[in-house]
Number of protein chains: 2
Amino acid sequence: MRIGELAERTGVSVRSLRYYEEQGLLSSERSSGGHRHYTEHEIDRVEYLQRLYAAGLSSQTILRVLPCLESPSQATSDAAFEQLVVERDRLQAHIAGLSTTLASLDELIALNRAKRS
Amino acid sequence: MRIGELAERTGVSVRSLRYYEEQGLLSSERSSGGHRHYTEHEIDRVEYLQRLYAAGLSSQTILRVLPCLESPSQATSDAAFEQLVVERDRLQAHIAGLSTTLASLDELIALNRAKRS
DNA sequence: CTTGAATCTCACATCCGTGTCAGATTCTAA
DNA sequence: TTAGAATCTGACACGGATGTGAGATTCAAG
């Protein structure tokens with residue numbers, strides 16, 4: 001499929017897809033004329049990238065953990081694996097903080113609801 | 001206390017504290033010479049602001065929900081309350097997404113660990 | 001073929017909380 | 001009173017993913 005279809009099916013802009021490729025996070029075959037072509041597989045990849053971005057990883061960080069994603073094997077570099085664990089722990093802590101905030105927002109809502117009519 | 005101490009005690013930079021004030025999120029008394037002075041109360045306020053920023057609210061959005069924070073009463077505007085609920089729901093959904101990502105990172109870690117020596 | 005839609009590259013803009021620097025002023029302790 | 005630290009305002013810079021526009025080229029359907 002071409003880039004427009006991939007964009008549509010993933011909900012990610014064409015601009016972003018090109019950016020991901022530029023960052024080394026997404027690959028594509030090129031037609032003789034230079035147009036990018038993707039397989040179904042890239043849909044999952046793009047969606048995973050979006051998840052990682054949403055989790056607060058930068059392009060560079062994602063690049064570092066990619067080997068773990070692509071080939072979970074003994075050959076996977078220690079650096080990639082360690083980075084993966086670091087990011088997991090960071091995300092876990094982040095979620096914990098957000099959960100606390102969520103709880104306090106809930107309290108706030110209850111408090112306000114009580115004081116209203 | 002002065003701005004330097006507030007910064008130190010909250011872990012927020014002096015620059016950011018001034019920015020919060022500029023955005024209408026933080027108030028201060030001024031000395032005759034123009035220096036800002038804060039009470040203990042502002043510590044909580046700053047920490048709460050940090051939580052909201054971390055939860056993905058923009059300055060403007062925080063400004064909108066502030067009335068609910070400051071005076072939970074019948075007088076609190078409907079708009080503020082509704083925005084508060086919107087943000088709570090947004091945060092809830094966001095946490096749910098992150099949790100999914102966390103789970104998949106955990107899987108990935110387990111998978112990689114298994115394949116390594 | 002031809003034509004219009006899609007894609008290409010390159011470059012610059014945007015957002016927004018924060019960093020940082022400059023030059024002036026204020027505060028505090030000796 | 002004076003030196004040095006802290007604060008003041010104002011302005012510009014940054015990071016990083018994404019938006020946007022120009023001008024050229026390619027693709028696909030008639």
Side-chain angles (χ1 to χ4, degrees), chain A residues 1-39 42 45-66 83 87 90-91 94 97-98 101, chain B residues 1-39 42-43 45-66 87 90-91 94 97-98 101:
Chain A
M1 88 193 76
R2 290 189 296 168
I3 198 171
E5 185 180 345
L6 182 58
E8 198 169 358
R9 291 176 67 181
T10 58
V12 174
S13 72
V14 168
R15 174 69 176 88
S16 293
L17 294 177
R18 295 202 189 105
Y19 176 74
Y20 298 166
E21 179 170 323
E22 183 187 320
Q23 298 298 306
L25 306 178
L26 184 65
S27 61
S28 63
E29 297 297 313
R30 296 298 187 109
S31 70
S32 56
H35 285 196
R36 294 171 177 82
H37 280 85
Y38 304 94
T39 65
E42 265 64 55
R45 163 63 69 108
V46 170
E47 285 171 354
Y48 210 98
L49 289 178
Q50 286 274 295
R51 285 205 163 281
L52 296 180
Y53 277 124
L57 281 71
S58 68
S59 294
Q60 193 167 23
T61 302
I62 296 176
L63 194 57
R64 267 200 282 271
V65 306
L66 266 193
Q83 184 75 48
E87 295 307 323
R90 208 188 44 66
L91 179 56
H94 185 55
L98 292 184
T101 303
Chain B
M1 84 192 78
R2 290 188 295 168
I3 198 170
E5 184 180 346
L6 182 59
E8 198 169 356
R9 291 177 66 180
T10 58
V12 174
S13 73
V14 167
R15 174 68 176 89
S16 293
L17 294 177
R18 294 201 190 103
Y19 177 75
Y20 298 167
E21 180 171 322
E22 183 187 321
Q23 298 298 307
L25 305 178
L26 184 64
S27 60
S28 63
E29 297 296 313
R30 296 300 186 108
S31 70
S32 56
H35 285 197
R36 294 171 177 81
H37 280 87
Y38 303 93
T39 65
E42 266 65 55
I43 293 182
R45 163 64 68 110
V46 171
E47 285 171 354
Y48 210 97
L49 290 178
Q50 286 275 295
R51 285 204 162 281
L52 296 179
Y53 277 123
L57 280 72
S58 68
S59 294
Q60 192 166 25
T61 302
I62 296 176
L63 194 57
R64 268 201 281 271
V65 305
L66 266 192
E87 295 306 322
R90 209 189 43 69
L91 179 56
H94 185 54
L98 293 184
T101 303

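Chain A is the first sequence line, chain B the second, and so forth, proteins listed ahead of strands; every chain is numbered from 1. Nothing here was measured: the structure is a model prediction, and the numbers come from that model.
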When rounded to whole Å, the CD to C1' distance for the pair A:Glu22 and D:dT18 reads 12 Å

Donor-acceptor contact below 3.5 Å, side chain A:Gln23 vs main chain A:Tyr20 | no

Taken to the nearest whole Å, CG/A:Leu63 to C1'/D:dA17 is 16 Å

One should read off an interatomic distance between A:Glu29 CD and A:His37 NE2, to the nearest 0.5 angstrom, of 10.0 Å

In whole angstroms, the gap separating P of C:dA5 from CD of A:Glu8 amounts to 16 Å

Next item on the list: For the pair B:Arg36 and B:Glu21, find out whether any cationic side-chain nitrogen is under 4.0 Å from an anionic carboxylate oxygen.
Entry: yes

To the nearest angstrom, the CE-P distance between B:Met1 and D:dA6 comes to 17 Å

So CD of A:Glu8 and CZ of A:Arg2: to nearest 0.5 Å the spacing works out to 12.0 Å

- For B:Arg36, report the nucleic acid contact type (base, sugar-phosphate, nothing); a contact means any heavy atom under 4.0 Å. sugar-phosphate

What do the steps show when you test B:Ser58 against B:Tyr53 for side-chain hydrogen bond (donor to acceptor under 3.5 Å, both in side chains), and what is the final call?
CA-CA 6 Å; B:Ser58 68; B:Tyr53 277 123; over 6 Å; no

Rounded to whole Å, CZ of A:Arg18 lies from P of D:dT18 at a distance of 14 Å

Taken to the nearest whole Å, CG/A:Leu6 to P/C:dA6 is 16 Å

* To do: Would you mind reporting whether A:Leu57 and A:Arg90 have side-chain heavy atoms less than 4.5 Å apart?
  => yes

note: B:Glu21, atom CD; D:dC8, atom C1'; distance rounded to Å ~ 11 Å

Would you tabulate the pairs of protein nitrogen or oxygen atoms and nucleotide nitrogen or oxygen atoms of nucleotides 18-21 of chain C closer than 3.5 angstrom?
{"residue": "C:dT18", "atom": "OP2", "partner": "B:Ser16", "partner atom": "OG", "Å": "3.3"}
{"residue": "C:dT18", "atom": "OP2", "partner": "B:Tyr20", "partner atom": "OH", "Å": "3.1"}
{"residue": "C:dT18", "atom": "O5'", "partner": "B:Ser16", "partner atom": "OG", "Å": "3.2"}
{"residue": "C:dT18", "atom": "O4", "partner": "B:Arg15", "partner atom": "NH2", "Å": "3.2"}
{"residue": "C:dG19", "atom": "OP2", "partner": "B:Ser13", "partner atom": "OG", "Å": "2.6"}
{"residue": "C:dG19", "atom": "N7", "partner": "B:Arg15", "partner atom": "NE", "Å": "3.4"}
{"residue": "C:dG19", "atom": "O6", "partner": "B:Arg15", "partner atom": "NE", "Å": "3.3"}
{"residue": "C:dG19", "atom": "O6", "partner": "B:Arg15", "partner atom": "NH2", "Å": "3.2"}
{"residue": "C:dT20", "atom": "O4", "partner": "B:Arg15", "partner atom": "NE", "Å": "3.2"}

*asked:* Looking at A:Glu5 and A:Arg9, is any side-chain nitrogen of the basic one under 4.0 Å from a carboxylate oxygen of the acidic one?
replied: yes

Q | Worked check of side chain to side chain contact (heavy atoms under 4.5 Å, CB included) between B:Ile43 and B:Met1 | A | CA-CA 10 Å; B:Ile43 293 182; B:Met1 84 192 78; 4.0 Å; yes

Atom pairs, N/O to N/O, protein against nucleotides 26-28 of chain D, distance under 3.5 Å?
{"residue": "D:dC27", "atom": "OP1", "partner": "A:Ser31", "partner atom": "OG", "Å": "2.9"}
{"residue": "D:dC27", "atom": "OP1", "partner": "A:Gly33", "partner atom": "N", "Å": "3.1"}

B:Leu52 CG to C:dC16 P, in whole Å, measures 16 Å

Quiz item: Where do B:Leu66 and B:Arg45 land on the side chain to side chain contact (heavy atoms under 4.5 Å, CB included) test, with the steps shown first?
Solution: CA-CA 11 Å; B:Leu66 266 192; B:Arg45 163 64 68 110; 3.7 Å; yes

